[in-house]
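The model shown is predicted, which means the values in this text are computed figures rather than measured ones. The analysis underlying the following values was restricted to heavy atoms, covering all of them including side chains, and did not include hydrogens, waters or symmetry mates. Along the sequence shown, residues carry numbers from 1. Numbering of ligands and ligand atoms starts at 1, following listing order.
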Amino acid sequence: MYIDKIVSEPLAILGGPRAVPAEQPDLFAWPIVTQEDEQAVLEVLRAGKMSAWDISRQFEAEYAAWQGTKHAVGLPNGTMALEAAMWACGLRRGDEIIAPSLTYWATALPALRLGATIVFADIDPASLCIDPADIERRITPRTKAIVVVHYCGHPADMGPIVAIARRHDLKLLEDVSHAHGALYKGRMVGTFGDVSAMSMMGQKSFPIGEGGMLCTDSREIFERVIAYCQYERTGQELTLPDLVPFTGLPQGAMKGRLNQTCAAMGRVQLKYYPQRIRAIQDAMNRFWDLLEGTPGLRPHRPAKDSGSTMGGWYNPLGHYIPEALGGLPVGRFIDAVNAEGGRSGRTCNAPLHLHPLLNDADIFGDGKPTRIAFADRDVRQGQGALPVSEALAEHCYGIPWFKHDRPDSIARYAAAFQKVARQAGKLL
Ligand SMILES: *Cc1c(COP(=O)(O)O)cnc(C)c1O
């Protein structure tokens, strides 16, 4: 077959022909914007309703119905959704929140604005999501909440994590910014915790421009989110006696209204999202099935019979096992795949716990680093504290993020990866 021929040709980085000679731009284009999105956004613009909220309320109701939660609140971005979720869960000065270090910063950093302390836990080397055993080790009497990330679409191990949260009476937050629509054992992520928050930024797997959503079954959390950052709804929504006296002004001193042009696009995106992620899942699984048995390369995806899925496969990665490739450094592997036209890259996050902002910065003038300004001990974590998170950059690489299931094209991309892995010895 022609794929076998591609795999045995000289490597492109050494002067051979490329495995993927030409690219189909729409195979990767995201978001998918049609006339229906354009029409919906234009209607908002022409009606001058950018700052109204009628369409945003419709979007919230539709998103809640799809997510399967009682409430959904649209917000300007995922970062604000996470901050509002943390405040609504009662995170305050000196409280501790356990978070993965390997994530985008907004999973954890909003806790600093609340005077809370971030304690990072390591990740599981297979799922790349927070490791339940390491969560349990880091719980103290001050721990108030756990935040999990379904990293690059891979569902975190919610069974044990929910059990730990219950056993220790901790609030559980899910950051679903990578995993809209992913399933954990048949159930949608974002429905396991007390509250879930998700980015809908223009490049995420659920893209509406700049936007975020917060979902919960708890009326109390819903009201607290409104009280924190949506003053215009306080009169209508607040019933809790500790919130009602402050009706009319936001307790977070923040304004969290979603721009309706984004909400309008969100309604259209939601209509097509399930079918679009089905195509992505078929394509991505096809890619990995073709690579089965390739030395040094392993999929980052749940087992096929687990009932778990990767949602929209945001920022897809593969596991890299250098020992199986004669010790070839991953950077050299990625360069060689890219020379083939294979669309790899170094795309995992840098661990947060080593960044100076979390160790040295006194953001609010407390006379101490903000991370520990109200802590009862120094929780800062240096090099070596989270070995799996720290080593990940040498053990993963980006893979193409297919948006359509086109077997012939996907086979060529898989061949690019296979070609480099099979001929790794020539790069040493
Ligand atoms: C993108 C992202 C966020 C933040 O969302 P914004 O909409 O960009 O504010 C939070 N958490 C994770 C894991 C993300 O990837």
Side-chain angles (χ1 to χ4, degrees), residues 30-31 56 59-60 63 72-87 89 91 97-114 118 120-121 123 127-130 145-156 158 172-182 189-190 192-193 195-215 225 228-229 252 254-259 261-263 265-266 269 300 310-317 345 347-353 355 357-358 389 392 396 398 401:
W30 201 256
S56 295
F59 179 42
E60 288 170 347
Y63 199 86
V73 182
L75 291 146
N77 54 56
T79 305
M80 204 183 275
L82 282 153
E83 179 174 331
M86 288 178 193
W87 188 83
C89 283
L91 199 70
I97 188 166
I98 298 175
S101 176
L102 192 100
T103 180
Y104 182 75
W105 56 263
T107 301
L109 259 52
L112 298 180
R113 289 166 50 88
L114 305 176
I118 304 163
F120 290 111
I123 50 169
S127 72
L128 308 183
C129 301
I130 196 165
I146 303 165
V147 54
V148 305
V149 181
H150 305 290
Y151 195 68
C152 296
H154 198 303
M158 296 313 288
L172 181 56
L173 290 75
E174 292 179 77
D175 182 346
V176 187
S177 300
H178 294 185
H180 320 71
V189 302
F192 290 88
V195 56
S196 56
M198 44 289 270
S199 173
M200 295 178 166
M201 188 268 280
Q203 271 100 49
K204 293 282 159 72
S205 84
F206 193 103
I208 70 169
E210 290 295 332
M213 194 66 85
L214 178 150
C215 297
V225 168
Y228 193 65
C229 62
M254 288 213 301
K255 187 177 152 190
R257 189 184 306 154
L258 177 62
N259 182 323
T261 55
C262 297
M265 177 173 171
Q269 289 290 315
H300 176 233
M310 298 284 284
W313 287 77
Y314 175 74
N315 189 34
L317 300 175
T347 55
C348 77
N349 294 99
L352 291 169
H353 69 283
H355 195 284
L357 185 73
L358 286 145
S389 303
L392 183 65
C396 74
W401 187 14

Quiz item: Given the rule in the side chain to side chain contact (heavy atoms under 4.5 Å, CB included) test, do Gln269 and His180 qualify, once you have shown the distances and angles that lead to the verdict?
Solution: CA-CA 12 Å; Gln269 289 290 315; His180 320 71; over 6 Å; no
Tabulated below should be the N or O atoms of ligand 1 paired with protein N or O atoms at under 3.5 Å; can you produce that?
| residue | atom | partner | partner atom | Å |
| --- | --- | --- | --- | --- |
| ligand 1 | 5 (O) | Ser199 | OG | 3.2 |
| ligand 1 | 7 (O) | Gly78 | N | 2.8 |
| ligand 1 | 7 (O) | Ser199 | OG | 2.6 |
| ligand 1 | 9 (O) | Gly78 | N | 3.3 |
| ligand 1 | 9 (O) | Thr79 | N | 2.9 |
| ligand 1 | 9 (O) | Thr79 | OG1 | 2.6 |
| ligand 1 | 11 (N) | Asp175 | OD1 | 3.4 |
| ligand 1 | 11 (N) | Asp175 | OD2 | 2.6 |
| ligand 1 | 11 (N) | Ser177 | OG | 3.4 |
| ligand 1 | 15 (O) | His178 | NE2 | 2.8 |
| ligand 1 | 15 (O) | Lys204 | NZ | 3.0 |

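- The shortest side-chain heavy-atom distance between Tyr63 and Met198 falls under the 4.5 Å cut-off.
- Once rounded to the nearest 0.5 Å, the distance linking CG of Leu317 with OG1 of Thr347 reads 4.5 Å.
- Using a 4.5 Å cut-off on side-chain heavy atoms (C-beta onward), Tyr228 and Glu83 make contact.
- Aromatic ring pairs are classed by plane angle as parallel below 30°, tilted from 30° to 60° and perpendicular above 60°; the pair His178 and Tyr151 is tilted.
- Using a 4.5 Å heavy-atom threshold, the side chains of Met213 and Glu60 count as touching.
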